[in-house]
> 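Structure in structure tokens, see below.
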There are 2 protein chains.
Amino acid sequence: MSFDGQLPPKTRLLRAAAELLAKSAGGAVSTRQITQLAGVTAPTLYHHFGDKEGLFDAVVAAGFEEYVAGERDFAPSGQPLEDIRRMWDNHVQFGLKQPELYLVMFGNIRPESRPAVVADAEGLMEEMLNKAAVTGQLNVPPREAARSILAANVGVTLMLITEKAPERNLELSTMTRDAMIFAVSSDQAKSSSPDSSGKSSVVVAAIALNAALQASHSDQLSSSELKLFLEWLHRISTSSTS
Amino acid sequence: MSFDGQLPPKTRLLRAAAELLAKSAGGAVSTRQITQLAGVTAPTLYHHFGDKEGLFDAVVAAGFEEYVAGERDFAPSGQPLEDIRRMWDNHVQFGLKQPELYLVMFGNIRPESRPAVVADAEGLMEEMLNKAAVTGQLNVPPREAARSILAANVGVTLMLITEKAPERNLELSTMTRDAMIFAVSSDQAKSSSPDSSGKSSVVVAAIALNAALQASHSDQLSSSELKLFLEWLHRISTSSTS
DNA sequence: CACTTCATATAGCGTTGCTATAGGTGCTAG
DNA sequence: CTAGCACCTATAGCAACGCTATATGAAGTG
């Protein structure tokens, strides 16, 4: 039940913190609990992690490895948008399986200070959306799409966590998921005229080209040309059709 | 600066707590700070509110009054879905104007314990969605729609709060908002698009953009810019894929 | 061996949320 | 007028918290 084994104290502290975090039903976890379970005294903790938050960050980093591993497990299916769906589901599953850890990762919000893990998750999703962008499946720049989807994904997961397990209705998740993916995809009802409501095909094509250009190191344009080119492309991509 | 006036201690405590909460940039607020600012000693706090959390709940309740007042201010416009849009925007505005209070209300998540304020907000939105449902504008039961929209609304607001104020991009909000509302509304014009297998490249994307640009009258670039842009596009389009 | 460096322990500081106990205040009853 | 009785507030202090100044041990290097 305790980690007094022959593992190094740093590892014991990490495991003890993770275990207590998982068991504490939302309540706070004290450094004294952690050090006692790890069979270590206080200064050891601060020597290795500097801070209580430092220790928690380390736990989060380990948890994030697991999260990312889950996100990358299923190789690209050739349909990027389908992969995004699985990323969403994996995100929700991760949150429901380890709610306390998830709350430390995504729920510990402070104004004007973004946890690193959020930025990483966003990058992961943007990366996947880029694949959708180069094939012209995206309606919106990948970054904006990633932020939007991730925001909804976190919101849904937090809401599901607050519900008691037996009452959890996962349809909330799938419905919100499909709504978001549909919204950013170019695969929408659209008349043939480019100036119909919704993004014009110019915008879609510009987004696709933008993503493709950044993925391939084309040497058809000089770097200064490319810079200006990309700026114009950005202007087109982010323009809203009035 | 202090509330030593002749107001009753209960009120002074509430105001002191609210003020300190608003000023503390995410950091914790101690009961001693509160009682000192209120010009009161500790037992008074616990007599009236029983608990630190009890005091915070009271502050939240007051904040929620303000929130609800904002939600109800604009009378029904006859278009329920338009009202939902304004509810969403009001929610985000409330969160950005008083981030600390918002975080206490919606960000203080614990597993399997739903804050009362969330349930209330959900009820408020469901009420409004009911009006849309009776006129046949809804695709989904009002309760599910409300839960889904609110989850995304909270997620977006939390994400915006973590961003530094000058960088906040409200398009994230409007885009997610419209996606959610569109998803639950029944007036969708469904159509499936010819999904080409993903074999796109820079060249294909450039050709698509080229065609699209010439078919539309985009005003995002000046004519001289456009001329150069098209020339570069041509260079990319006619290059061999590396 | 002398010396440095890293890692852990002893003991304790200041602050936290909270409370056992007691004292003051204003009310109504006799 | 006063006795009693709620109600409200203050004094003082507890246990637990995050954290640290300081000292001790172990391990490697000259």
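Lettering follows sequence order; numbering is per chain, from 1.
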> Under a 4.5 Å cut-off applied to non-hydrogen side-chain atoms, are A/Asp51 and A/Asp57 in contact?
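When only atoms from C-beta onward are counted, A/Asp57 and A/Asp51 do not touch, as no gap falls below 4.5 Å.
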
> What is the separation between atom CG on B/Leu45 and atom P on C/dC18, rounded to the nearest whole Å?
9 Å

> Could you state the OH-P distance from A/Tyr46 to D/dT20, rounded to the nearest angstrom?
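So the OH-P distance, A/Tyr46 to D/dT20, works out to 7 Å.
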
> Does a side-chain N-to-carboxylate-O contact under 4.0 Å join A/Glu163 and B/Arg147?
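So A/Glu163 pairs with B/Arg147 through a salt bridge.
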
> How long is the line joining CG of B/Asp51 and C1' of C/dG17, in whole Å?
9 Å

> Rounded to whole Å, how long is the line connecting atom CZ of B/Phe56 with atom C1' of C/dT16?
13 Å

> Check the distance between C/dT8's C1' and A/Gln36's CD and give it to me in whole angstrom.
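Rounded to whole Å, this separation is 17 Å.
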
> Check this for me: does any side-chain nitrogen of one of B/Glu66 and B/Lys97 sit under 4.0 Å from a carboxylate oxygen of the other?
no

> So if I define the base as every atom that isn't primed, P, OP1 or OP2, how would nucleotides 7-16 of chain D read as a B/S/- string at a heavy-atom cutoff under 4.0 Å?
-SBBB-B---

> Determine whether the aromatic ring centres of B/Tyr102 and B/Tyr67 lie less than 6.0 Å apart.
no

> Is a donor from one side chain sitting under 3.5 angstrom from an acceptor on the other, for A/Thr176 and B/Ser148?
yes

> Using whole Å, report how far CD of B/Gln33 lies from P of C/dT15.
11 Å

> In the structure I gave you, are the side-chain heavy atoms of B/Trp88 and B/Val156 within less than 4.5 Å of one another anywhere?
yes

> Starting at CD1 of B/Ile34 and ending at P of C/dC18, how long is that distance when rounded to a whole Å?
10 Å

> Could you state the atom-to-atom distance from CZ of A/Phe49 to P of C/dC6 in whole Å?
17 Å

